[in-house]
Protein chains: 2
Amino acid sequence: MTTEERRRPDARPRAFEEVLARIEERITADGLTVGDRLPGERQLAEQLGVGRSSVREALRVLETLGVVASQAGRGPDAGAVLTSRPGNALTDLLRLHLGLATLSMREVIDTRLMIEQWAAARAAAAPPPAASTPAASTPAASAHTATARMAEAIAAMDAAGDPAEFVEHDIAFHLALAEAAGNRLITAVMRALRDALRRYAVDAVVRLGDTGGLQDDHRRIHRAIEDGDAGAAAAAVAEHLARAYPESGRDS
Amino acid sequence: MTTEERRRPDARPRAFEEVLARIEERITADGLTVGDRLPGERQLAEQLGVGRSSVREALRVLETLGVVASQAGRGPDAGAVLTSRPGNALTDLLRLHLGLATLSMREVIDTRLMIEQWAAARAAAAPPPAASTPAASTPAASAHTATARMAEAIAAMDAAGDPAEFVEHDIAFHLALAEAAGNRLITAVMRALRDALRRYAVDAVVRLGDTGGLQDDHRRIHRAIEDGDAGAAAAAVAEHLARAYPESGRDS
DNA sequence: GACCAAATATGGTCAGACCATACATCCTGG
DNA sequence: CCAGGATGTATGGTCTGACCATATTTGGTC
């Protein structure tokens, strides 16, 4: 009975939390968006009546959450700039909690299965609306629709020389699949899941030996999406994941 | 072309990043787990050859990710203790990126739909294995299986006096639904989604006026899960979410 | 033995200093 | 007038040292 509700439910907020709240307030109130700059650390400290270290801790939190990125030096790009990188936070979150055994590999794999089935069905049901993703997600993909990148990834996997290389393109394939659904939140989660499973995936490929079956699955998924057959797409994904992760990860 | 790849891809790591790596290394290497204590900030600083402020920034990051919790004072519970609260990080992540317009409400709602359909089907397919959740998720739920809590939430919604109260129990219902699937990662994501949508949900209830339809849905979902009918459970969830969020959230 | 006061360990915060970096500015030479 | 380098300066990154707040531990006192 010693450790019972040991949080800080009340407790007056710490200085950096106040800074955090004020910065967030400023973001929503002033309508700040990606690319805008925050005041310098010293200036912010003075404005909010706190020490610079408290400001720094708040900025560190925001950086962890993928909301700001700091750059030293001078000029338009220096200082704390608002960004939008939720992916790193999710990746760190998964890695650390997997390390702490808070999450099991099985749970991560099941989550991935859920996302991919959903994304495949969704991508098949809704054809790419002209310019793929509306907002800034992957600025590099202009003429590249997600399905086209899936096809490229399949070809690259055919040409891959070793398991590690195969997995890299496999990651690209499944990421493109998630992006095809056009949901940035799910894309970010998918990216984090794949990062967490990267090593695991290499082992799986090595264990299988032959990647022919996997490639057959990939082609079937791709075709089902292009044909607009949501049911077939989801089924193909389920088969594929079952082949890649056959009941493994029964730990915990 | 001014802002092109402005990250810090190389750049020698900052001190707090080194601290972060060493702490994570220690966690995995020494097999530290929830409840274990880290050395004090001063001691850690000396061990790693950095200033205390760098240690503090690293701890702030870990706290943001829900891996440690710090407590002042003295005694067994003081200091930085390893915890496991991935939920807060996800909630903050969603809230901030919604504020930055990196994510749209529609994307969040669609993600929620995906999770609930999956969870309902999963919960229906796999009956509760005796003691619901194995690890520490909601320590209060000992004799309470997830489905039992769903029934309780339905009753509480019937008795609710105002929309805010109704939504609170609605949240409990949907959280129990997610927990019924027995995946802690998905439960954590679901909790974050609901927190992000809380205000939105109240508006939706007020707009609907009558909560009878929602309650019918809730009962149908609950019954389908108890009957083990995965298809009916998923369909009921889809209908329910369509009723609650009818094409709204078309922003961005 | 019970109770209260002092010591102490811990995180929280601040102030100031210095370094590294990278753009801005100015000065010089052609 | 322009090109190029030297200097200036604003920014984040880091350390040191100090002090405060809190909560346990310790020890003294009745």
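Since we're looking at a predicted model, the values are computed, not measured. Just so it is clear: chains get the letters A, B, ... in the order the sequence lines come, proteins before strands, and each one is counted from 1.
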Quiz item: Do you know which two heavy atoms are closest between B/Gln71 and B/Asp77, and how far apart they sit?
Solution: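 Heavy-atom minimum between the residues: CB-O, 3.6 Å.
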Self-check item: Nearest heavy atoms of B/Val34 and B/Thr83, plus distance in Å
Solution: CG2-O, 3.9 Å
Practice problem: Take atom CD of A/Glu46 as the centre, draw a 6.0 Å sphere, and report whether it contains more than 12 heavy atoms from other residues, nucleotides or ligands. | Solution: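 Counting neighbours around CD of A/Glu46, 12 or fewer heavy atoms of other residues, nucleotides or ligands fall under 6.0 Å, so no.
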Practice problem: Give a yes or no on whether A/Arg198 atom CZ has more than 12 heavy-atom contacts from other residues, nucleotides or ligands under 6.0 Å away. | Solution: yes
Atom-pair distance ([atom1] on [X]; [atom2] on [N]), nearest Å:
X: A/Arg56; N: D/dC15; atom1: CZ; atom2: P; result: 10 Å
X: A/Glu63; N: D/dG13; atom1: CD; atom2: C1'; result: 12 Å
X: A/Glu41; N: C/dG16; atom1: CD; atom2: C1'; result: 15 Å
X: A/Leu48; N: C/dA15; atom1: CG; atom2: C1'; result: 17 Å
X: A/Asp77; N: C/dA22; atom1: CG; atom2: P; result: 12 Å
X: A/Leu44; N: C/dC14; atom1: CG; atom2: C1'; result: 16 Å
X: A/Phe16; N: C/dC14; atom1: CZ; atom2: P; result: 12 Å
X: B/Leu59; N: C/dT10; atom1: CG; atom2: P; result: 13 Å

Quiz item: Looking across every strand, which nucleic acid part, if any, lies under 4.0 Å from A/Ala80 by heavy atom: base, sugar-phosphate, or nothing?
Solution: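 If one applies the 4.0 Å heavy-atom cut-off, A/Ala80 turns out to touch the sugar-phosphate alone, with no base involved.
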Quiz item: With sugar-phosphate meaning primed atoms plus P, OP1 and OP2, does A/Ser54 contact a base, only sugar-phosphate, or nothing at under 4.0 Å between heavy atoms?
Solution: sugar-phosphate
Exercise. Give the nucleotide from the list C/dT13, D/dT11, C/dG12 with an atom nearest to the side chain of A/Arg37.
Key: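 The answer is D/dT11.
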Exercise. State which of D/dG12, C/dG12, D/dT14 makes the closest approach to the side chain of A/Arg14.
Key: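 Nearest to the side-chain atoms of A/Arg14, counting from C-beta on, is C/dG12.
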Self-check item: salt bridge (Lys or Arg N to Asp or Glu O under 4.0 Å) partner of A/Arg60, the single match among B/Glu63, B/Glu17, B/Glu57
Solution: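 Filter result, single survivor: B/Glu57.
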Self-check item: Any donor-acceptor pair under 3.5 Å from B/Asp195 side chain to B/Thr91 backbone
Solution: no
Please tabulate, one pair per line, each protein N/O and nucleotide N/O from nucleotides 18-27 of chain D that are separated by under 3.5 Å, including the distance.
unit_1, atom_1, unit_2, atom_2, d
D/dT24, O4', B/Arg74, O, 3.2

Quiz item: Do we see a donor-acceptor contact under 3.5 Å between the side chains of B/Arg26 and B/Gln47?
Solution: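 Per modelled atom types, B/Arg26 and B/Gln47 side chains form a pair under 3.5 Å.
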